[in-house]
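So that the names make sense, note that chain A is the first sequence line, chain B the second, and so on, each numbered from 1.
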2 protein chains.
Amino acid sequence: MKLPPLVQAFVLHFGEMGSRWGINRTVGQIYALLYVSPDPLNAEQIVEALGVSRSNVSMGLKELQAWNLAIPKHIPDDRRDHFTTPDDVWQILRTLAEERKKREVDPTLSVLRELLMQTPGSEEERHAQERMAEMHALIEQLTTWYDDVKRLETERLAALLALGARVTRLLEAKDRVVGLVRGKKEG
Amino acid sequence: MKLPPLVQAFVLHFGEMGSRWGINRTVGQIYALLYVSPDPLNAEQIVEALGVSRSNVSMGLKELQAWNLAIPKHIPDDRRDHFTTPDDVWQILRTLAEERKKREVDPTLSVLRELLMQTPGSEEERHAQERMAEMHALIEQLTTWYDDVKRLETERLAALLALGARVTRLLEAKDRVVGLVRGKKEG
DNA sequence: CCGATATTTCAGAAATTCCTGAAATGTCGG
DNA sequence: CCGACATTTCAGGAATTTCTGAAATATCGG
């Protein structure tokens, strides 16, 4: 691997973290490389930069495309496919959230739904189902919130994040106002 | 593995999902089993229920304890350790978020900070560092929000979730009110 | 301190995942 | 249709992770 030290450190880190993120080392490294690269890269360039096999790069790119984290970019007068990552980090965040939800949450949600349909055949099963219902309710609430929030434009989303827990103050303020208005009407 | 069908299906699912969640099959299965079990279980009972080796269960329990997802429960007049999962699903959510952040986000944040301190030695490195700065800023913003929100009591947190994207309406309403008040003062 | 029981450690076997090189397939200009 | 190049597929070897059984360690009542 021959890369500027800064880039190399970044790429190696993504390789190492790969296993924790549920991707393999090469995929992590390819992503990191594309992310910091000023221009789209073709497979051969990635092979040279990372020192891995051509076929490994091919598979890695395929996986990144499946995640929508690598996008092919056509370069005029060049037959080879070139790839970049989406450049807006907020878009990357959305993509990551969407894909992880799809892979890590949705299957469980669907299994839970299925199991909750069944009739328990014993007290033990009844209790288990109750616990599954709790888990199901929580996941439903989270995904509903997520489906809602993901539609916000980036600017609003950022504003919401910046506000953080202070939104609750706003909620309280709202409640007070509502209380006031009710008081007026009724009083 | 001899378990009621409902429980078995749940346990097997968690085992299968394990790899996507960054834990191994046995750990997933142990967690699932403890989660739906009405009473704390000891290692031997887990061995019987799952049909895996005693040592595997021992290691699995150790890992779950490191995640704060299995807690030892002393049963009077019994030397053996018994385990449960935290029973409040919201608490489980908090624990999961905290642990995943610690394992999957913090290391990257710290690497990014370090790399951003360095002086780029080329235009390529300068550009890379710029991209890293974008990523760093996003992660900082997310973790700041998270650190903020995680302190909320469950009830408020749930309220916030239930509100979803509608908080933005509240934000707009607030802006209007502020505008009104300003108008009054100034007019 | 002893014996009984519970738990942990750990080396190596088993299973899984990752990576490679070779061959197959695809795609383009001429 | 051919030749040149680009990409993908895939069998099997390499690396890593998971799991087991045996041995070591820990803990308790007596």
Side-chain angles (χ1 to χ4, degrees), chain A residues 1 11-12 14-34 40-67 70-84 103-104, chain B residues 1 11-34 40-67 69-84 103-104:
Chain A
M1 187 188 297
V11 164
L12 288 178
F14 267 61
E16 281 167 23
M17 293 299 285
S19 57
R20 299 194 191 184
W21 296 336
I23 58 176
N24 67 43
R25 191 175 7 156
T26 309
V27 171
Q29 292 185 348
I30 295 175
Y31 178 77
L33 180 64
L34 294 179
L41 300 179
N42 65 43
E44 203 51 52
Q45 293 172 304
I46 298 173
V47 166
E48 280 164 36
L50 302 183
V52 297
S53 75
R54 180 65 183 77
S55 51
N56 198 3
V57 168
S58 177
M59 291 190 296
L61 284 170
K62 230 176 67 177
E63 182 165 352
L64 284 172
Q65 283 175 278
W67 278 80
I71 48 186
K73 208 96 181 175
H74 189 68
I75 301 257
D77 299 331
D78 194 332
R79 275 177 57 186
R80 293 165 298 179
D81 285 342
H82 288 64
F83 295 88
T84 355
R103 289 167 173 74
E104 302 182 7
Chain B
M1 189 186 299
V11 164
L12 288 178
H13 173 75
F14 268 60
E16 281 166 22
M17 293 300 283
S19 58
R20 299 195 191 183
W21 296 336
I23 57 177
N24 67 44
R25 190 177 7 154
T26 309
V27 170
Q29 291 185 350
I30 294 175
Y31 178 78
L33 180 63
L34 293 179
L41 300 180
N42 64 43
E44 203 51 52
Q45 292 173 306
I46 298 172
V47 166
E48 280 164 34
L50 302 183
V52 296
S53 75
R54 180 65 185 73
S55 51
N56 198 2
V57 168
S58 178
M59 293 190 295
L61 284 170
K62 231 175 63 176
E63 182 166 353
L64 284 172
Q65 282 175 279
W67 278 80
L69 284 178
I71 49 186
K73 209 94 182 178
H74 188 70
I75 301 259
D77 300 330
D78 196 331
R79 276 177 57 187
R80 294 164 298 180
D81 285 341
H82 288 65
F83 296 88
T84 355
R103 289 167 173 74
E104 302 182 7

Using whole Å, report how far [atom1] of [X] lies from [atom2] of [N].
| X | N | atom1 | atom2 | answer |
| --- | --- | --- | --- | --- |
| B:L61 | C:dT8 | CG | C1' | 12 Å |
| B:N42 | C:dA6 | CG | P | 8 Å |
| A:L64 | C:dC18 | CG | P | 13 Å |
| B:R25 | C:dT17 | CZ | C1' | 14 Å |
| A:M59 | C:dT25 | CE | C1' | 16 Å |
| B:I46 | C:dA6 | CD1 | P | 14 Å |

Are A:R103 and A:W67 in a cation-pi contact, defined as NZ or CZ under 6.0 Å from the six-membered ring centre and within 45° of the axis? yes

Does the side chain of [Y] come within less than 4.5 Å of [X]'s, by heavy atoms?
| X | Y | result |
| --- | --- | --- |
| A:I46 | A:V52 | no |
| A:F83 | A:Q65 | yes |
| B:L34 | B:T84 | no |
| B:R54 | B:E44 | yes |
| B:R20 | B:M17 | yes |
| A:H82 | A:P72 | no |

Identify whether any heavy atom of [X] sits under 4.0 Å from a base atom; if not, whether one sits that close to sugar-phosphate; answer base, sugar-phosphate or nothing.
| X | result |
| --- | --- |
| B:R54 | base |
| A:N56 | base |
| A:S19 | nothing |
| A:D81 | sugar-phosphate |

Min and max contacting nt of DNA chain D in 5' to 3' order, chain B heavy atoms within under 4.0 angstrom, are D:dT18 to D:dC28

Minimum heavy-atom separation for B:Q29 and B:L12, please, with both atom names. NE2-CD2, 3.9 Å

All heavy atoms of B:A32 vs all of B:V11, minimum pair found to be CB-CA, 3.8 Å

For DNA chain D, the residues among residues 72-80 of chain B that have a non-hydrogen atom under 4.0 Å from it: B:R79

Has B:S58 got a side-chain N or O lying under 4.0 Å from the OP1 or OP2 atom of C:dT8? yes

Map B:S53 and A:E44 onto DNA chain D by nearest heavy atom, then report which one ends up closer to the 5' terminus. A:E44

